[in-house]
Amino acid sequence: MSQLITELFKGKIEEVLKAHYPSLFKKIDINLEPTRDKQHGDYATNLAFLLSREFKKSPREIAKELLPYLNQALQGIAQGKVAGGGFINFVLEDSVLLSSLKEILKEKERFGESDTGKGEKIQVEFVSVNPTGPLHVGHGKCAAFGDALARVLKKAGFTVEKEYYINNAGRQTDLLGLSLEVRTRQILGEEVEIPEDGYRGEYLVEIAREVLKERGKDILSLPDEERTQLFKELAIEKIMGQIKGDLENFRVQFDVWFSEKSLFESGEVDQILTLLKERGYTFEKEGALWLKTTLWGDDKDRVLIRENGSPTYFTSDIAYHWNKWKRGFFRVIDVWGADHHGYIPRMKAAIQALGIPEDFLEIFIVQFVTLLRAGQPERMSTRQGEFIPLRQLVDEVGVDVARYYFLMRDPATHLEFDIEVAKKQSMDNPVYYIQYAHARICSVFQERQRQGFTEYLGEEKIAGFYNQEEREIAKKLIYFPEIVKRSAISRQPYLICNFLYNLAGDFHAFYNLHRIIDKDKPIESYFRLVLCRVTQIVLKNGLDLLGITAPDSM
RNA sequence: GCGCCUGUAGCUCAACAGGAUAGAGCAACGGACUUCUAAUCCGUAGGUUGUGGGUUCGACUCCCGCCAGGCGCGCCA
C-alpha cells in the first residue's frame, strides 16, 4: 500500500526541524492539512506560528527562515510559499499526483487501506437489541453506524470482530414469554390480559398465530413451568429470527452472536461476583449486594444481586465485558442507544473495578432519529408498541438511502429523517448524487466501447493535467486513505460520506465542463478515461465502506 | 435538582482534534442538453455561529455563567 501523502510530508518537515531546531522538534505537533481554499495551494502548515512562541519572533519571519530548508527537503514532492501571517502553503508537484493515480489503478479495491491499526484486535458490539420486538428505525441507525465503523476500522488495518449480545436472560424475557402466552390464549378466545409491564405490540399476535399453527393448542396444557419456559424460548427464537432477517436485509452481518444466558451457564457470572468481592469493591445493604461504583465517579453505588437473590442486568453485563477482556481485544467498542447513556459511568466503573484499563472500553451513544412524514414527527418506543419498524422504512426508501441517511451525520447528534425527502430521487438526496457520479463513469466506459476507443496507450502516456478540474479530482482521490484513517481513529464514518459527496461534486463539475472522449485527441482522452477509472475505484471503495451499492446505471 | 447530547443562512447540515474571507444542499431568482446520463452543472441572493464573559498572534472550535430543545437519572433492560 502507498504511503499516506501527509505522512510523507510530515516526515520531511520533521527532518528539517530536527536539523535546524533540534531542541524543539519533539515538542511540536506538526499540523499539516489540505487547504480549504485553492488559492492557498494544496497543503498548509501552521508550523511557524507554533515556533514563534518559543523564539519570540514573528511567525512570518520564521516561516521565511524555514522556507528554503523545507523546499530543499521537499524537492520533487512539493514547493512552499509563505503566506498570510505566517502560513506556509505547499503546492504538490504534478508528478506526485500522477504517480499516485497509477498506484490507485494498481491497488483497485484495496486502495484506501493503511496499516494504521497495525492488526490490533478490536471488537465492535452494536444493535444488541433485547429480543422483545422487531428492530425499529432507531436500531437501524445503530446498525448502520456499527457496521460502517467496523468496515472502516478493517480498511484502516485493524482486525475487527462484529458482535451482537443477545439478552436472553432476566425478567424482561420472562415478561415477553408471558405476553406471548396471553396473546396465544386471546386468539383462542380466553379472556386474559397482558401483564402490566408486558409487551403489547401487534408483532406478538403474529407470533402467537405462528406458534399455534406449529405447535397446536396443546401447548397451553403443558405443566406450568415447562409451558412458561417454552413460551419464553419460542418468543426469543422467533423474534431473534426476525431481527437477524431485518439485519441481513439491511446488509449487516455479525461474526459472533453472544448469548447472555451462556454467562450464567458457564459460571462466569458467579466468577465475576467472587472476583469483585475478593477485590473488596462490594458491600451488603438492605439485603442486596452492591458494587462501589462511586469509587470511579458514578453518582451512586449499584446493585449486583437483588434482595430476592437474583442478579441484575448490570451483573451479567460486567461478566460479559470481563469475557470480552479475556478474549484478548485491544479495544472494545460498545454502541448504545441514547436512552442508555446514564449507564456509562457504572459500566466504566465496573471495568476499573475488574482492574481493566479504562480506555479498553469505548462507548458510543447514538442519538435518536426523528422520523418526519409530511412534517409530522413519528415517535418510537418499543415498550409502548408504537414504532416504525426498520423493515418498513427500508421497504419504502431502500437500503442505500436508509444507510446513507443514518451515516451522513455524527451519530451523537439528533437526526431528522424525512421519509418523503428520502424517497425523492432528486438532488435533495445525496445518496443519488454520489451514486450518479459512479453510474455516469460507467456510462462513459460504455460509450468508449461503442466508439471503439479501446486502445490501451500505456502508463507512460499519463503525462499531465489538462485543466484545474482534473487536478482537483486527483488531489481528492489521493487523500482517500487518510480520510479512512481519520475516520477509523476518530470513529466517525460520516467523514467518508462527506468525502464522497465532495468527490462526486468535483466529478460532476469536471464532467459538465470537459468532454472526456474526443477521438481527435486520443492521448488527452486516454488520460481522462484513466482519471474516470480511478475516480470510479475510489467512489466504489468509499461506498463499500458505508455498505452502499455503486450502481452501473441509474 | 443532577448528568449527557444539541444550538451555525428561511430549512437540513459542513467547517477536518484553535488557523487565512464560516461553506454545501434545499427553498427563491437567472442561465446551460442536435455532443460521453440535466438524478448534472454555472451564477445571484442569503450570517452579530443561541447569549454574556474569559484564555491567545488567532475562537464555530477550548474554559466559566446564562437561555432554549432532546434524552437519562430503578433492586427495568
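Every chain is numbered from 1 and lettered A, B, ... according to where its sequence line falls, protein lines coming before strand lines.
- Counting to the nearest Å, the C1' atom of B:C33 and the CZ atom of A:R440 are 11 Å from each other.
- For the pair A:Q367 and A:F49, both in contact range of RNA chain B, the more 5′-proximal nearest nucleotide belongs to A:Q367.
- When heavy atoms are screened at a 4.0 angstrom cut-off, A:A439 is found touching base atoms of the nucleic acid.
- To the nearest whole angstrom, the two C1' atoms, one in B:C4 and one in B:G43, are 44 Å apart.
- A cation-pi arrangement is found for A:R533 relative to A:F445, the charged atom lying closer than 6.0 Å to the ring centre and inside a 45° cone about the ring normal.
- Of the P atoms belonging to B:G47 and B:G23, the separation is 13 Å, rounded to the nearest Å.
- The residue A:H341 sits close to a base: some heavy atom pair falls under 4.0 Å.
- Looking at A:E362 and A:K348, no side-chain N of the basic residue comes within less than 4.0 Å of a carboxylate O on the acidic one, giving no salt bridge.
- For the P atoms, the distance from B:A9 to B:G1 is 28 Å, rounded to whole Å.
- Not one side-chain nitrogen or oxygen of A:R36 sits closer than 4.0 Å to the OP1 or OP2 atom of B:A22.
- Residue side chain A:F87 meets the stacking definition with respect to B:A20: its ring centre sits within less than 5.5 angstrom of the base's six-membered ring centre, and the planes differ by less than 30 degrees.
- Look at B:G25: its Watson-Crick or wobble partner, with both distances under 3.5 angstrom, is B:C11.
- Distance check on atom C1': B:U49 versus B:G7 gives 10 Å, rounded to whole Å.
- Across all strands, A:A44 comes closer than 4.0 Å to base atoms (heavy-atom distances).
- Between A:F507 and A:Y511, the two ring planes are tilted [angle within 30° to 60°].
- Phosphate contact (OP1/OP2 of B:G74, side-chain N/O of A:R346, threshold under 4.0 Å): absent.
- Judged by distance alone, with hydrogens and angles left aside, the side-chain atoms of A:H438 form a donor-acceptor pair with the main-chain N or O of A:P551 at under 3.5 Å.
- Between A:Y494 and B:A15 there is a side-chain N or O to OP1 or OP2 distance below 4.0 Å.
- At a cut-off of 3.5 Å, with distance as the only test, no side-chain donor of A:Q468 or A:R471 sits close to an acceptor on the other residue.
- One finds a side-chain N or O of A:Y436 lying less than 4.0 angstrom from the OP1 or OP2 phosphate oxygen of B:A39.
- OP1 or OP2 of B:G74 has at least one side-chain nitrogen or oxygen of A:K300 nearer than 4.0 Å.
- Atom P of nucleotide B:A22 and atom NE2 of A:H40 are separated by 12 Å, given to the nearest angstrom.
- Straight-line distance from the CZ atom of A:F507 to the C1' atom of B:C36: 9 Å, rounded to whole Å.
- Nucleic acid contact class of A:Q446 (heavy atoms, under 4.0 Å, all strands): none.
- Counting non-hydrogen atoms under 4.0 angstrom, A:R302 reaches nothing in the nucleic acid.
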